[in-house]
Amino acid sequence: NYRMFLIADRAGKFDPHMARLWEVTQRCCDMQVELQVEGSTCSSVAHQIHKYQVEQDVQKYIYHRPAYGAGVEGHQAPYLALGDPTVLRRGMCFSQEPGLYDTERGCGFNWSDTVVTGVKSGYRMSRVPYSKEWCWIKL
């Protein structure tokens, strides 16, 4: 479990490009929690997250699937990925990593948590906030 922080420059301003990537990935994390419900498929959750990323015009920064199965093997199937037809069951755990990476500018965001599949929505194992108030820092 870790959080993606933004640190303001000396003038107290945040880089707009980095802020945009942070905001999109943060929303994708919330989407995963909302969509990771019993009866959905892995691919449908991934599709909705990727669709949002494309709508936000950040598709060139997508490098991997939104999540992997979390269990005793670590990174394991099933995957929240476009092609994985696995039907979600209550209690299934997945990583939370709908990251975006800008290799040209040397920045990116890859959140990490565990989301448990629920009946009406999923839920995160951690209680650390995913908010600007918590993660945007002015020194």
Side-chain angles (χ1 to χ4, degrees):
N1 178 44
Y2 46 86
R3 292 293 168 268
M4 299 297 99
F5 294 97
L6 281 183
I7 299 174
D9 64 18
R10 292 179 190 215
K13 298 186 190 243
F14 296 100
D15 178 279
H17 177 66
M18 290 176 68
R20 177 80 175 125
L21 294 182
W22 186 96
E23 290 169 336
V24 172
T25 58
Q26 189 277 339
R27 175 65 190 124
C28 291
C29 288
D30 287 346
M31 288 177 69
Q32 181 181 340
V33 170
E34 295 162 9
L35 296 167
Q36 196 174 313
V37 296
E38 186 174 41
S40 291
T41 62
C42 289
S43 60
S44 68
V45 174
H47 173 75
Q48 290 301 312
I49 290 170
H50 287 316
K51 179 180 172 194
Y52 174 76
Q53 292 167 327
V54 170
E55 289 169 352
Q56 299 305 306
D57 198 30
V58 295
Q59 62 272 13
K60 78 181 214 175
Y61 307 118
I62 300 169
Y63 283 89
H64 58 74
R65 61 190 170 254
Y68 57 83
V72 295
E73 299 293 322
H75 293 217
Q76 64 187 52
Y79 301 98
L80 295 186
L82 296 175
D84 190 327
T86 304
V87 176
L88 299 177
R89 295 181 317 274
R90 186 169 61 179
M92 292 175 82
C93 297
F94 291 87
S95 66
Q96 186 163 55
E97 299 187 3
L100 296 173
Y101 311 92
D102 184 343
T103 57
E104 293 172 10
R105 296 198 45 198
C107 65
F109 298 96
N110 181 18
W111 301 75
S112 178
D113 211 327
T114 300
V115 179
V116 181
T117 304
V119 176
K120 294 185 180 179
S121 77
Y123 60 90
R124 292 183 183 111
M125 294 295 290
S126 78
R127 298 293 178 244
V128 178
Y130 280 59
S131 66
K132 288 181 182 179
E133 293 77 23
W134 182 266
C135 298
W136 290 32
I137 302 170
K138 290 184 179 183
L139 301 177

Task: Test log, rule side chain to side chain contact (heavy atoms under 4.5 Å, CB included), inputs Phe94 and Cys42 - done: CA-CA 10 Å; Phe94 291 87; Cys42 289; 3.9 Å; yes
Name all pairs fulfilling the salt bridge (charged side-chain N to carboxylate O under 4.0 Å, His left out) condition that reach into [range], sequence neighbours left out, sorted by first residue then second.
range            : value
residues 8-17    : Asp15-Arg105
residues 126-139 : Glu23-Lys132
residues 24-33   : Arg27-Glu34, Asp30-Arg124
residues 83-95   : none

Atom of [X], atom of [Y] and distance for their closest heavy-atom approach:
X      : Y      : value
Leu82  : Ser43  : C-CB, 4.1 Å
Gly91  : Val116 : CA-CG1, 3.8 Å
Ser126 : Asp113 : OG-OD2, 2.5 Å
Glu38  : Val119 : OE1-CG2, 3.8 Å
Ala70  : Ser95  : CB-N, 4.2 Å

Are any non-hydrogen side-chain atoms of [X] and [Y] less than 4.5 angstrom apart?
X      : Y      : result
Cys93  : Met125 : no
Val45  : Leu88  : yes
Leu139 : Ile7   : yes
Phe109 : Phe5   : no
Cys28  : Ile49  : yes

Task: Set of ring pair (Phe, Tyr, Trp, His ring centres under 6.0 Å) partners for Phe14, sequence neighbours left out - done: Trp136
Open item on the list: Among residues at least two apart in sequence or on other chains, which ones pass ring pair (Phe, Tyr, Trp, His ring centres under 6.0 Å) with His17?
Closed with: Tyr61
Task: Intermediate values then yes/no, side chain to side chain contact (heavy atoms under 4.5 Å, CB included), Tyr68 and Leu80 - done: CA-CA 6 Å; Tyr68 57 83; Leu80 295 186; over 6 Å; no
Are the side chain of [X] and the backbone N or O of [Y] linked by a donor-acceptor pair below 3.5 Å?
X     : Y     : answer
Gln53 : Val24 : no
Ser40 : Gln36 : no
Thr86 : Pro78 : no
Gln96 : Gln32 : no

Open item on the list: Let me check something: do Trp134 and Ile137 share a hydrophobic cluster, defined by ILVMFWY side-chain heavy atoms less than 4.5 Å apart, either directly or through other members?
Closed with: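 Same cluster.
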